[in-house]
Engineer: 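This is the structure I have questions about; it appears just below.
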There are 2 protein chains.
Amino acid sequence: MSPPKQFSDTIREWAEVFMHRSMRDFKRFMNDSGLSFTQVNLLMRLYHGGKIGVSELGGHLGITNAAASQAIDRLVKDGLIERSEDPQDRRAKRLTLTEEGHALIARGIETRGQWIAGLTEAFTPEQQAMIVSALTLLTEAARKTDE
Amino acid sequence: MSPPKQFSDTIREWAEVFMHRSMRDFKRFMNDSGLSFTQVNLLMRLYHGGKIGVSELGGHLGITNAAASQAIDRLVKDGLIERSEDPQDRRAKRLTLTEEGHALIARGIETRGQWIAGLTEAFTPEQQAMIVSALTLLTEAARKTDE
DNA sequence: TTAATTAGTTAAGAGCGCTTATCTATAATC
DNA sequence: GATTATAGATAAGCGCTCTTAACTAATTAA
């Protein structure tokens, strides 16, 4: 097999397996936490950081600011988000994860991490080191494209 | 930093960045295709292969057979799934992706693959080779745990 | 200071996706 | 052949999530 073909095949297979797995993980997380896809998405965005308002958050999620406001409402009631006035601009709201909300997402990420860690257990230390190097490169590159 | 700490940190960071990115990808795919999370999940399961019935499919998705039946109904109407009688057991249904359904999911996987491929472009050939090796190992290991 | 803009909320209504309960049809068991 | 079990579809109903439209309040521009 020629090198470029091997390269794209590898990536495609990886994408297939991991997309499939990711769906299962998300579904499980949604069921366990009782949250919708949009809600998890929203919490994730807040976890990822950066000041963000209601409308902008809705924009990222591809929904109207009305829908975002309602979704946030429910998450505030659930105690996962805190919504307070922005002292700089009293029209705007500051959205932050509560301790509980932060812990919830952290747990989700941790669970996913454990799965990967479990995958690598059977490998030799050399292989594990290689995987760590590769994932480090990919993570850095992904962070850069995150704008 | 001690080696084991570095290992778990690498995995956790990777999980964080890629979970975040995966959510965005799924959301975009859902919006573009006009499908719900459950529907994409369902199509993905069929794409992944293996004979599977309505109830079992629902079980995998964590929903009742009634819900699965309804979801399938909509996908059949959309022309993404074919539902035919199983000649072996006429109570059961054979569920298969139509050409259109298959192409839709393949396109989603392809898009994701392109993103990864784009990430690696900036790397040296040696780094790319390492990433390919690492992903190959991870893909194989993940396939094994997929039962 | 008045007018226009911006951030967010609220209200009404539509549709989706889920549940339980009921139903039909086929298959397996006695 | 009669009973029981299984696969799936259908119905009624509930709650969630989205939309558009109208609203309040704060900020910016004229």
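Because only heavy atoms are used, hydrogens play no part in the values below, and waters and symmetry mates are left out as well, while side chains stay in. Sequence lines set the chain letters: A, B, ... in the order given, protein chains first and strands last, and positions in each chain run from 1.
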Engineer: Could you check how far CZ of A:Phe37 sits from C1' of C:dC16, rounded to whole Å?
Structural biologist: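 A:Phe37 atom CZ is separated from C:dC16 atom C1' by 16 Å.
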Engineer: Choose from C:dT19, D:dT17, D:dT19 the nucleotide whose nearest atom is closest to any side-chain atom of B:Ala66.
Structural biologist: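 Side chain of B:Ala66 sits closest to C:dT19.
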Engineer: Does a donor on one side chain and an acceptor on the other come within less than 3.5 Å for B:Ser22 and B:Arg112?
Structural biologist: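 Yes, because at least one side-chain N or O of B:Ser22 sits under 3.5 Å from a partner of the opposite role on B:Arg112.
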Engineer: In this structure, how many angstroms lie between the P atom of C:dT6 and the NZ atom of A:Lys93, rounded?
Structural biologist: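 That distance rounds to 19 Å.
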Engineer: Applying a 4.0 Å non-hydrogen cut-off, can you work out what B:Glu85 is touching in the nucleic acid: base, sugar-phosphate, or nothing?
Structural biologist: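 Nothing, no nucleic acid heavy atom in range.
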Engineer: How is B:Asp89 classified with respect to the nucleic acid when contacts are heavy atoms under 4.0 Å: base, sugar-phosphate, or nothing?
Structural biologist: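 If one applies the 4.0 Å heavy-atom cut-off, B:Asp89 turns out to touch the sugar-phosphate alone, with no base involved.
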Engineer: Which is more 5' along DNA chain C, the nucleotide nearest A:Asp73 or the one nearest B:Ala71? Just name the residue.
Structural biologist: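 Its nearest nucleotide lies further toward 5', so the answer is A:Asp73.
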Engineer: Please state whether the phosphate of C:dA27, meaning OP1 or OP2, lies under 4.0 angstrom from any side-chain nitrogen or oxygen of B:Gln88.
Structural biologist: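 Negative; the distance criterion is not met.
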Engineer: Tell me whether the centres of the aromatic rings in B:Phe29 and B:Trp115 are closer together than 6.0 Å.
Structural biologist: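 Between B:Trp115 and B:Phe29, which both carry aromatic rings, the centre distance is not below 6.0 Å.
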Engineer: To the nearest Å, give me how far apart CG (A:Leu42) and P (D:dC16) are.
Structural biologist: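 Taking CG of A:Leu42 and P of D:dC16, I get 16 Å after rounding.
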Engineer: Between C1' on C:dT6 and CG on A:Asp86, what's the gap in Å once rounded to a whole number?
Structural biologist: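 Taking CG of A:Asp86 and C1' of C:dT6, I get 13 Å after rounding.
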Engineer: Should the pair B:His48 and A:His20 be assigned to parallel (<30°), tilted (30 to 60°) or perpendicular (>60°) ring geometry?
Structural biologist: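 Judged by the thresholds at 30° and 60°, the geometry between B:His48 and A:His20 is parallel.
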Engineer: Looking at D:dT27, does its base get a donor-acceptor pair with the side chain of A:Arg91 below 3.5 Å?
Structural biologist: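 No such pair is found, so the answer is no.
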Engineer: In terms of the nearest nucleotide of DNA chain D, which residue is placed more toward the 5' end: A:Leu35 or A:Arg90?
Structural biologist: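 On the 5' side of the pair lies A:Leu35.
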Engineer: To the side chain of B:Ile63, which of D:dA9, C:dT19, D:dC18 is closest?
Structural biologist: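 Looking only at heavy atoms from C-beta outward on B:Ile63, the closest nucleotide is C:dT19.
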Engineer: Just how far, in rounded Å, is P of C:dC16 from CE of B:Met30?
Structural biologist: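 Interatomic distance, CE of B:Met30 to P of C:dC16: 14 Å.
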Engineer: From the list C:dT9, C:dT19, C:dG17, which nucleotide is the closest neighbour of the side chain of A:Val54?
Structural biologist: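 Nearest nucleotide to the side chain: C:dT9.
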Engineer: Can you check the B:Arg83 CZ to D:dG8 P distance for me, whole Å?
Structural biologist: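 One finds 11 Å between P of D:dG8 and CZ of B:Arg83, rounded.
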Engineer: Is the shortest side-chain heavy-atom distance between B:Met30 and B:Leu35 below 4.5 Å?
Structural biologist: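 Heavy-atom side-chain distance check fails, nothing below 4.5 Å.
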Engineer: So which nucleotide from D:dG8, D:dT19, D:dT17 ends up closest to the side chain of B:Ser55?
Structural biologist: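 For the B:Ser55 side chain, the nearest candidate turns out to be D:dG8.
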Engineer: Quick one: which of D:dT10, D:dT27, C:dT9 gets closest to the side chain of B:Ser69?
Structural biologist: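 Per side-chain heavy atoms of B:Ser69, the pick is D:dT10.
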Engineer: Which nucleotide sits closest to the side chain of B:Ala67: C:dG8, C:dG17, C:dT19?
Structural biologist: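 Nearest nucleotide to the side chain: C:dT19.
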Engineer: Here's a test of your reading of the structure: between B:Gln70 and A:Arg94, which maps to the more 5' nucleotide of DNA chain C?
Structural biologist: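 Whichever sits nearer the 5' end wins; that is A:Arg94.
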Engineer: I'd like to know if A:Arg28 pairs up with A:Asp25 as an ion pair, taking the criterion as any Lys NZ or Arg NE/NH1/NH2 lying under 4.0 Å from an Asp or Glu carboxylate oxygen.
Structural biologist: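 Looking at A:Arg28 and A:Asp25, the cut-off is not met.
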Engineer: Among D:dC18, D:dA9, C:dA7, which is the nearest nucleotide to the side chain of A:Ala92?
Structural biologist: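 Of the candidates, C:dA7 comes closest.
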Engineer: Output the single nucleotide from D:dA26, C:dT19, D:dT17 whose closest atom is nearest the side chain of A:Arg74.
Structural biologist: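 Looking only at side-chain atoms, A:Arg74 lies closest to D:dT17.
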Engineer: Atom CG of B:Asn65 and atom P of C:dA25: how far apart are they, to the nearest Å?
Structural biologist: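 One finds 17 Å between P of C:dA25 and CG of B:Asn65, rounded.
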Engineer: Using only side-chain N and O atoms of A:Thr64, determine if any of them is under 4.0 Å from OP1 or OP2 of D:dC18.
Structural biologist: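 So the side-chain polar atoms of A:Thr64 never come under 4.0 Å of the phosphate oxygens OP1 or OP2 of D:dC18.
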Engineer: Could you tell me whether B:Asp73 and B:Lys77 have a side-chain N and a carboxylate O separated by less than 4.0 Å?
Structural biologist: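 So B:Asp73 pairs with B:Lys77 through a salt bridge.
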Engineer: Figure out the CD/C1' separation between A:Gln39 and D:dG15, and round it to whole Å.
Structural biologist: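 Going from A:Gln39 (CD) to D:dG15 (C1'), I get 12 Å.
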